[in-house]
Amino acid sequence: MAYTILIVDDSETARAALAKALSIAQTPVREFYQAADGQAALALLEDKQVDIVFLNLSMPGMNGLDMLNRMKERGLLDTVPVVVVSADGSETRITELAELGIRGHVRKPYTPERLKARVDKLLGAMHEQ
Amino acid sequence: MSNELNQAKHVFSRVAEDLVFMFSEEWDEEDRPATEEAFVLARIRFTGPFNGALSLAAPESLCKQVKENMLGARLEEGIGGKYLHDAFGELLNVTCGHLLTALAGDDPVFNLAPPEIVVLDRTGWEKFKSMPGITALLLEDMPVLLHFEQKG
C-alpha cells in the first residue's frame, strides 16, 4: 500500500528535505501534498484524503499549534494522524501535543532511518486496526 | 565569551554537522578574510521562560551549499534569493531549538518565531561583526557569525 502524505512547513527546503528522506527510507508514497502554513493545510485537508501529516510548529500565519487546535475542534485528529517535525526539544511541549492528539514527534535534524522507524510504527499500527 | 555564546557556537557546530554535513573550525580572520560582497543575516526571536533572539550571518554563497547539502542534490546555476535563503533560515531554526534546550533543559516551553532574513552588503557585515556579543567560526572555509541576545 502506498500513502498520501501532507507536509506542512513554511520552509520549502525543509519540505523537500523531508520528502527526500521519506524516499530514501523507501516509504511507499502515492502522492505528496505540501502547505506552507496551517491555513493552507486545513484547506487541503477539506479536499483531499491524507494518510499522514508531517507538521512543523513554527510558521508565519497559522502556526502548527493553532492548526492542531483547529483539527481537534473539527475532529480531524481522530482520523488523520499527525507527526510533529520540529527543532523543539521540550518534553513538556511534546507531552502537551500528545495529549492534544498528535501521533508522534520527530526532532530536527533527523535521519531517514529515524523517520522511517516513526512512519513504520505509526502506519504499522494503523494496519493492525 | 559568555556561557550562552559558547553554547551557541558548540550547538551550531553540532547541528551543522548533523543537518548539512558541514564542519566548523575556529576562524582566524587574518588567514581567511571575508572577501565576499553579499552576506545574509538570519534572525529568530523566541519567547518562553526568557526571551531573546539568535542571529546567524554568513556570505550569501554559503546559502547555496547549505541548501544543496540539505537536499542532497546539486542546484542549477543562477538560482538565488529567497529560494536559497530559506535553507539558511532552517539551519538557524534547528540551531535555536537545540540551543534553548541546551541552555534551559528539557522542560521549559519556548515559542520560536519564523526566521527573518535580510541581505547585507559588506558595510552591513562589518557592522554586525563589530557588535558586542558576537562569536565567529569557519564553516567549510566560509566565515559565520553568531549572536545571542537574551532579555529578561
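Below, chain A is the first sequence line, B the second, and so on; all start at residue 1. Since the structure is predicted, the reported quantities are computational estimates derived from the model, not experimental observations.
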Within the 3.5 Å criterion, strictly below it, is a donor on B:T101 or A:R107 matched to an acceptor on the partner's side chain? yes
Top contributor to chain A contacts, counting heavy-atom pairs under 4.5 Å, from B:N93, B:D106, B:V109, B:L19: B:D106
Look at B:I44, B:D107, B:L112 and state which one has the largest set of heavy-atom pairs under 4.5 Å with chain A. B:D107
Per-residue contact mode, B:A104 against chain A (heavy atom under 4.5 angstrom): neither
I'd like to know if the side chain of A:T95 reaches the main chain of A:E91, judged simply by a donor and an acceptor atom lying under 3.5 Å from each other, with no hydrogens or angles considered. yes
Mark yes or no for whether A:R15, through its side chain, and A:I7, through its backbone, hold a donor-acceptor pair below 3.5 Å. no
Is B:E126 paired with B:K129 through a side-chain N to carboxylate O contact shorter than 4.0 Å? yes
Can you say whether A:K20 sits under 4.5 Å from chain B via the side chain, the backbone, both, or neither, judging by heavy atoms? side chain
Between A:A16, A:G89, A:S90, which residue shows the highest count of heavy-atom pairs closer than 4.5 Å to chain B? A:S90
Top residue by heavy-atom pair count (under 4.5 Å) with chain B, among A:E96, A:M59, A:E12? A:E12
In sequence, state the C-alpha distance, the side-chain angles, and the governing distance for A:S86 and A:N56, and then conclude on side-chain hydrogen bond (donor to acceptor under 3.5 Å, both in side chains). CA-CA 5 Å; A:S86 74; A:N56 183 29; 5.4 Å; no
